[in-house]
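The structure appears right after this line, and notes come after that.
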4 protein chains.
Amino acid sequence: MPRNAKRDQMVKEERRRQILQAATSVFYHKGLAAVKMSDVATEAGLSYGHVYNHFSSKQELLASIVLEGQEAYRRFLLQAIESPGDAVSKLQRIIDQLFIHSNTAKTYWIVLQAQASDILPEDVKGEIKARMLHNLDLFSRIIIQGQEEGRFAAGDAKEITTIVITLLHNSGLWEIRGLESPKQPILTYILKLVSL
Amino acid sequence: MPRNAKRDQMVKEERRRQILQAATSVFYHKGLAAVKMSDVATEAGLSYGHVYNHFSSKQELLASIVLEGQEAYRRFLLQAIESPGDAVSKLQRIIDQLFIHSNTAKTYWIVLQAQASDILPEDVKGEIKARMLHNLDLFSRIIIQGQEEGRFAAGDAKEITTIVITLLHNSGLWEIRGLESPKQPILTYILKLVSL
Amino acid sequence: MPRNAKRDQMVKEERRRQILQAATSVFYHKGLAAVKMSDVATEAGLSYGHVYNHFSSKQELLASIVLEGQEAYRRFLLQAIESPGDAVSKLQRIIDQLFIHSNTAKTYWIVLQAQASDILPEDVKGEIKARMLHNLDLFSRIIIQGQEEGRFAAGDAKEITTIVITLLHNSGLWEIRGLESPKQPILTYILKLVSL
Amino acid sequence: MPRNAKRDQMVKEERRRQILQAATSVFYHKGLAAVKMSDVATEAGLSYGHVYNHFSSKQELLASIVLEGQEAYRRFLLQAIESPGDAVSKLQRIIDQLFIHSNTAKTYWIVLQAQASDILPEDVKGEIKARMLHNLDLFSRIIIQGQEEGRFAAGDAKEITTIVITLLHNSGLWEIRGLESPKQPILTYILKLVSL
DNA sequence: TATGAATGAGAATTCATTCAT
DNA sequence: CATGAATGAATTCTCATTCAT
C-alpha cells in the first residue's frame with residue numbers, strides 16, 4: 001500500500017533536523033577531532049547507516065551544520081535588527097535569545113573549529129568565511145545604530161563588533177572549559193566596551 | 001669541552017624542542033582532528049618513526065604541548081607580575097610579549113580544543129584545568145593590583161580576568177579565521193573593560 | 001473474462017519478466033561488480049523494495065537470469081536444429097535470431113562473469129556448467145550435420161563448436177568495448193573456420 | 001642507522017610487482033565483482049594495510065593492472081613484430097609466448113571486464129580503450145604482413161585482427177569456464193580464419 | 001501489493017605504532 | 001639513532017535486506 005507522500009516528506013525533514021541537532025551537540029561537546037559517525041547516530045537514536053541516508057559523508061554533515069547554523073544566525077540577527085528599540089535593547093534581546101536557542105551558541109564553537117581545521121575543503125571554508133563576514137556586517141548595524149544614538153563610542157564598527165561577538169560567544173565556551181558562568185550579566189561587560 | 005654524553009643530551013633536548021615546536025604549529029593550523037603524526041614529522045623535518053624516540057604516542061605529544069605550554073605561560077606571567085610598574089604597564093608588557101612568543105598564543109587555541117575533545121584522558125584533562133585555573137589566578141593578581149591602584153573598576157577579579165584573557169587570546173585567533181587584526185591596540189579595548 | 005486471481009497471476013508474471021529484463025540489461029552494461037539492487041529496480045521502473053517480492057535475493061536474481069537465459073537458449077537451439085535445412089542455413093538462422101533476441105547475447109556475457117565470480121554458490125555454478133555443456137552439445141549437432149553433409153571439415157565437433165560459439169558471442173561484446181561491429185557478416189568468418 | 005637507499009628502492013619495486021602479480025591472479029580467478037583488497041593482500045602474503053602503501057585504492061590497483069598490462073602487451077607485440085620471420089611464424093611465436101607469460105593472458109580477461117564495468121572512471125576507461133586500439137593496430141601489422149606475403153586472405157586487416165585476437169585470448173578463458181583446452185593447436189584455427 | 005525508511009554486516013580505507021635494517 | 005616498510009585496530013561508508021505503513 002503506497003504511503004502518504006506528504007507525511008513521508010515531513011518525517012524525513014524531521015529526521016534530518018534530528019540528526020543535525022544531535023550532531024551539533026556531539027561536535028560541540030567532543031570537538032571535531034573525536035566525533036565518530038556512530039556517536040552522532042547514537043545521540044540521534046538511529047543506526048549509523050541511516051545517517052548516510054541523509055548526509056552522504058561526515059564532511060557533508062559538518063558542512064550542513066555550519067552553513068545551516070550560519071543561516072539560522074543570519075535570520076536571528078535580521079530579526080533582532082528589525083525589531084523596534086534602541087541598540088542596547090537589541091543587544092539585550094540577542095543575548096537573551098542566544099541562551100534560548102542554545103544550538104546557535106554551540107554552532108559558534110563548531111564554526112570556529114571548522115574554519116581552523118583541514119576537515120572541510122577550501123571552497124566550503126571560503127563559503128563559511130563569506131557568511132561569517134556577512135553576519136558580522138549585519139551585527140555591526142546594531143553597533144552603528146548605537147553610535148548614531150550617541151550611546152556608543154565612535155570607532156571602526158566592524159572591529160568593535162568583532163570584539164563584542166568574541167565576548168558574547170566565548171562566554172558560552174567557559175562552560176566547556178570548566179569555568180563558572182559570569183555572575184554579572186555579559187551585557188554589562190559589553191556595554192563597558194562599547195560605551196562612550 | 002663537554003663530553004659526548006653531555007652533548008648528546010643537548011642534541012636530544014634540541015630535537016625534542018624542535019618536534020614540540022613543529023607539532024604546535026601543525027596542531028594550531030590544522031586542528032587536532034586532522035593532524036597525523038607524519039604531518040608533525042614532516043614539519044619538523046624528521047622521519048615519522050623518529051618522533052617516537054621522543055614522544056611515545058600522539059597523546060603524549062599533545063599532552064606535552066599543552067602542559068609545557070601552560071608551564072611556559074606560568075613563568076611568563078610570574079615574570080610580568082614580578083616586574084616593576086603599575087597594572088596597566090604590566091598588561092601592556094604581557095600583550096607585547098604575547099605577540100613575540102607566538103607559541104603561547106597558539107597554545108591557547110590548542111588547549112581550548114584539547115579540553116573539549118576526547119583525545120586526552122580525563123586525568124590529564126584535570127591536570128590541564130588545574131593549571132589553567134592556577135594561571136588565571138596569577139593573571140588576576142594584575143587585575144587586583146589595578147583595582148588597588150584605583151585604576152580598575154571593582155568587581156570579581158577572577159571573572160574580570162577571564163574576560164580579559166578571552167579577549168586577549170581570541171584576538172590571536174582572528175587571523176586563522178581570516179579576519180583582520182584590530183587596528184586599535186587590543187589594550188585599548190581591555191582598558192575600557194577594566195577601567196572605572 | 002478471467003477471474004481476478006488469474007489476471008493477478010499474469011500481472012505478476014509480467015512484473016517478473018520486466019525485472020529480469022531490466023536486470024539483464026543492467027548486469028550486462030555495468031558488470032556484476034557494480035550492480036546494486038536499486039539499479040535494477042530503477043531500470044525496471046519499480047521501487048527497490050518491490051524487487052524482493054519477486055526475487056528473494058540478488059543471488060537468486062542473478063541465478064534466475066542465468067538459468068532462465070540458458071533455458072531460453074536451449075529452446076532456441078532446439079528450434080534451430082529441428083528446423084528444416086542444411087547446417088549452413090541453420091547457422092545463418094541462429095545468427096540472425098541472435099541479433100534479434102539481444103537478451104541472449106547479453107546473457108552470454110553475464111554467464112561468463114557469473115562462472116568466474118564468487119557471487120553464486122558452487123552448486124548453482126555446477127548447474128550452470130552442466131547446462132552450458134548441454135547447450136554446447138546441442139549446438140554441436142549442427143556442426144556434425146555439416147560434417148555429415150560434407151560441407152564442414154572433420155574434427156572434434158565439440159571443440160569446433162566451442163570455437164564457433166566463442167566467435168559468435170564475442171562479436172556481441174565488441175560493442176561494449178567500443179569496437180565497431182564487423183563489416184563482413186560474422187557468418188563469413190565462421191564458415192572459414194568450419195569449412196573444409 | 002640509515003638504510004641503503006638503493007636497496008630499499010629495489011625492494012619497494014619488488015613489492016609492487018608482487019602485489020600486481022597477486023592482484024592479477026585474484027582478479028582473474030574471482031572476477032572484478034568479488035575481489036576484496038584483503039584477498040589481494042593474502043595472495044601477496046602481505047597485510048591488507050600494506051597494499052595501500054603501494055596503491056591508494058582498489059580502483060588505482062585495478063587501473064594499474066590494466067594499464068601496465070596493456071603496456072607489457074604492447075612491448076610484447078613490438079618484439080614479435082620486429083623479430084625476423086614471416087607472418088605465420090610470428091603468430092606462432094606470439095601464441096607460444098602467451099602461454100609462458102600467463103599474466104598477459106590473464107590481463108585480457110581483466111581488461112574485458114574493466115571495460116564493461118562501471119568500476120573505473122570514464123577517463124581511465126577512455127585511456128584503456130585508446131591503448132587497446134593501439135595494440136590492435138600493432139597486431140594488425142602481422143596480418144597485413146601475411147596479406148602482403150600472399151599467405152592471408154585480403155580484407156579489412158583491423159577486423160580480421162579483432163577476430164584473431166578474440167579467438168586467441170578466449171581459448172585461455174575456456175579453462176575458467178570448465179571447458180577443456182583445445183586439443184588442436186589454436187594456431188590451426190587461426191590459420192583457417194586468415195588463410196586464402 | 002507497493003514503498004522507501006531503517007538496519008547492520010561487511011568491505012574499503014586510514015593512520016598510529018612497531019620494528020628490522 | 002634514523003628510517004620508512006609493515007601491521008592491524010578503528011572508522012568510514014556501502015548496500016543487500018527487512019519491515020512498518
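All values reported here derive from a predicted model rather than from experimental measurement. In what follows, chains carry the letters A, B, and so on, assigned in the order in which the sequence lines appear, proteins first and then strands, with residues in each chain numbered from 1.
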5′-ward residue of the pair B:L46/A:S57 relative to DNA chain F: B:L46
Residue closer to the 5' end of DNA chain F, C:S56 versus B:V51 (nearest nucleotide): B:V51
Opposite nucleotide pairing with F:dA10, Watson-Crick or G-U, both atom distances under 3.5 Å: E:dT13
G-U wobble or Watson-Crick pairing nucleotide for E:dA20 (cut-off 3.5 Å, both distances): F:dT3
Check: D:E60 side chain, D:F55 main-chain N or O, donor-acceptor pair, under 3.5 Å: no
Touch class at under 4.0 angstrom, heavy-atom based, for B:H54 against every strand present: nothing
Touch class at under 4.0 angstrom, heavy-atom based, for A:V40 against every strand present: nothing
More than 12 heavy atoms of other groups within 6.0 Å of B:K30 NZ: yes
Donor-acceptor pair present, A:Y48 side chain and E:dA9 base, under 3.5 Å: yes
Shortest non-hydrogen contact between C:Q115 and C:I128, atoms and distance: CG-CG2, 4.0 Å
For [X] and [N], what is the distance between atoms [atom1] and [atom2] respectively, to the nearest whole Å?
X      : N      : atom1 : atom2 : value
A:I119 : F:dT11 : CD1   : P     : 15 Å
D:R16  : F:dG4  : CZ    : C1'   : 18 Å
D:N53  : F:dT7  : CG    : P     : 9 Å
A:R7   : E:dG4  : CZ    : C1'   : 14 Å
D:Y52  : E:dA12 : OH    : P     : 6 Å
B:K58  : E:dT17 : NZ    : C1'   : 12 Å
B:M37  : E:dC15 : CE    : C1'   : 11 Å
C:Q59  : F:dC15 : CD    : P     : 18 Å

A:K36 vs F:dA10: side-chain N/O to OP1/OP2 distance below 4.0 Å: no
B:K12 side chain near F:dC1 phosphate (N/O to OP1/OP2, under 4.0 Å): yes
First encountered from the 5' end of DNA chain E, between D:S38 and A:S47: A:S47
C:K125/C:E122 ion pair, N-O < 4.0 Å: yes
Salt-bridge present (A:E13, A:R16; N to O < 4.0 Å): no
